[in-house]
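Atoms within a ligand are numbered from 1 in the order they appear, just like the ligands themselves. Residues: numbered from 1 along the sequence shown.
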Amino acid sequence: MRHALASTRHPALAIALLVFAACTAPLPAAQQPAVEPSPASPTLILHHAVVFTADPARPYAEAVAIAGERVVAVGTDAEVRALAGPETEVLDLGGRLVVPGLNDAHVHVGPWPEGMHSLGLSGRAEPSWAAVLDSVRAAAARIPAGTWLQGSIGGDALDAPAAGRFALDAVAPSHPVMLTGWTGHGLILNTAALNALGFSLTEPDRPGGLFGRVAGTDTLDGRLWEYPQLDVVRRLSDPLTRADAVATYRAFADQMVRWGVTSVQQMENDRPLAETLAALAEADVPLRWGVFAWPMPLRSVDEPRPDATRPAGLPARVRVLGTKWMLDGTPVERGAALRQPYADRPDWAGRLNFTDVELRAILQSARDRDDQTAFHIVGDATLDRVMDVMEDLAPAETWRARRVRIEHGEGLAPDLLPRAAALGMVLVQNPLHFAIPDVMAARYGADRLPEVQLLRSAAEAGVPVALGADAGGSGRNPWLNLMLATLHPVNPSEALSREAALVAYTRGSAVAEHAETDKGTLAPGMLADLAVLSQNVLDVPPDALPDTESVLAVIGGVIVYRTLP
Ligand SMILES: [Zn+2]
């Protein structure tokens, strides 16, 4: 993906610098002196640096002093160095850039079964159904029977009239086959896979999604959409052990601190919450780790929330943030619910995953519970409907205190911005989704494209913007995502400046988890979570951004990663 974008031209960069003030406007400016006297001398001083604080009261400084887990001073080299005591470790950063630790506000991480044979399909390349079948047939001919065959497909193959288990059974009767839509909202299983996962071939409907069925019957055709597809993921991960999860979390945390990420907010749908928390207690990684639990497997929207009892040994830096609901799909598989039909399928406008009655029950619970609610909302019709129900159920100030989250929010259209701002909703966007401008143009059409994936306008309208990767592997690179947020190939006029994108990835993501009084800015009294970067991300060419690493990462005043000499 990075290579695909390397030659993208960037009109957005030229207009970028005015955004910072607007982006920070919804948040109260911290009015603190640059240097607060502290009884204890600092444990660590970083000086001779360019410190980007994300604090509108003082956006830049030269040095930072830390005592224990918190920042005690931000100021000039002279001011901060004067605070050093005999025990203070003093590091000369040689002019490097320091930023608040990045906070990935929407990440998926979980163990995945080994031993599946990958078909090597690239879903983003939209392989045709015929090409998919060819590759399943070829693999079935040479891979031992019984081995899972797994591939990634796009919206075209998912939607193909011939797609389903019968066509797969014809070419691979003795291998369980799973073809996953790369956006994670639909998949196709053959009969062997349905059997292996314990699904009945007449599995009844349930809330939150649907099973494809042979016309006029209750017989499954092998296609699963939305929550039933999530059930597949959970059933596949069920046999995995605590040790698998611990190893996955540790490897993930190692990579994140190398990129300068110090906080993550996990959208946990692979594993039961209690199991995730137990694995996090054992993994004991240095990251600050928030978890959104999904009611799963979903049988009723009135089910009690997942058990959030904290296991012994779970560090305080792991927090259960709230509950996540997936309300629609994405434009890639045309599952996002739109107010106008898809440009490339004029008889279809997507669908909500829940009925009006279910949606009302979910929002009543969001209003009444003391945890936070995160909604996967992509289509503008879904957002419009959600806000209708919110406005009906409670006054805006009740909702503002809740900070209901719009995960992704491609459909936060210009006319919906004032309502979202009034209701105190937070936009958690994933810049990696801006990397498919051709797909988005096909789905929305040229006239609607300027109204999707708003970022700059959202910030200007007073909707706090947070960023996260919503990806695995190299897609989790926050600097790749920062590049995409500042270029926005789908909608360049909505790109953020480098400073605004950094603010969104730090303070904005802290706002999204009700934590901006503790982290997200470098100011006296804040948690000492920061990264010293390998290059100045405010200056380097866009194509160089994804190469950024931290040379020093600090969480709660403790150095957790260091290559700095
Ligand atoms: Zn996600």
J.: Taking Asp104 first and then Arg476, would you say they form a salt bridge - that is, a charged N and a carboxylate O separated by under 4.0 Å?
T.: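 A salt bridge is absent here (no side-chain N lies under 4.0 Å from a carboxylate O).
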
J.: Knowing that exactly one of Thr521, Val465, Leu502, Asn103 qualifies, which makes a side-chain contact (heavy atoms from CB on, under 4.5 Å) with Arg507?
T.: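 The passing option is Thr521.
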
J.: Report the name of the N/O/S atom of His106 located nearest to the Zn ion (ligand 1).
T.: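 Going by distance to the Zn ion (ligand 1), the closest N, O or S atom in His106 is NE2.
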
J.: Answer yes or no for Asp470: is there an N/O/S atom below the 2.8 Å cut-off from the Zn ion (ligand 1)?
T.: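 Yes, Asp470 qualifies, because one of its backbone or side-chain N, O or S atoms lies under 2.8 Å.
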
J.: Checking Glu516 against Arg403 for the salt bridge (Lys or Arg N to Asp or Glu O under 4.0 Å) test, could you report, in this order, the C-alpha distance in whole Å, the side-chain angles of both residues, the deciding distance, and whether it holds?
T.: CA-CA 13 Å; Glu516 75 279 9; Arg403 292 191 194 174; 2.9 Å; yes

J.: Does either side chain, that of Gln150 or that of Thr180, offer a donor lying less than 3.5 Å from an acceptor on the other one?
T.: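 No pair is found: no donor N or O on one side chain lies under 3.5 Å from an acceptor on the other.
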
J.: Within the stated cut-off of 2.8 Å, is an N/O/S atom of His108 closer than that to the Zn ion (ligand 1)?
T.: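 Of the N, O and S atoms in His108, at least one lies under 2.8 Å from the Zn ion (ligand 1), which means yes.
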
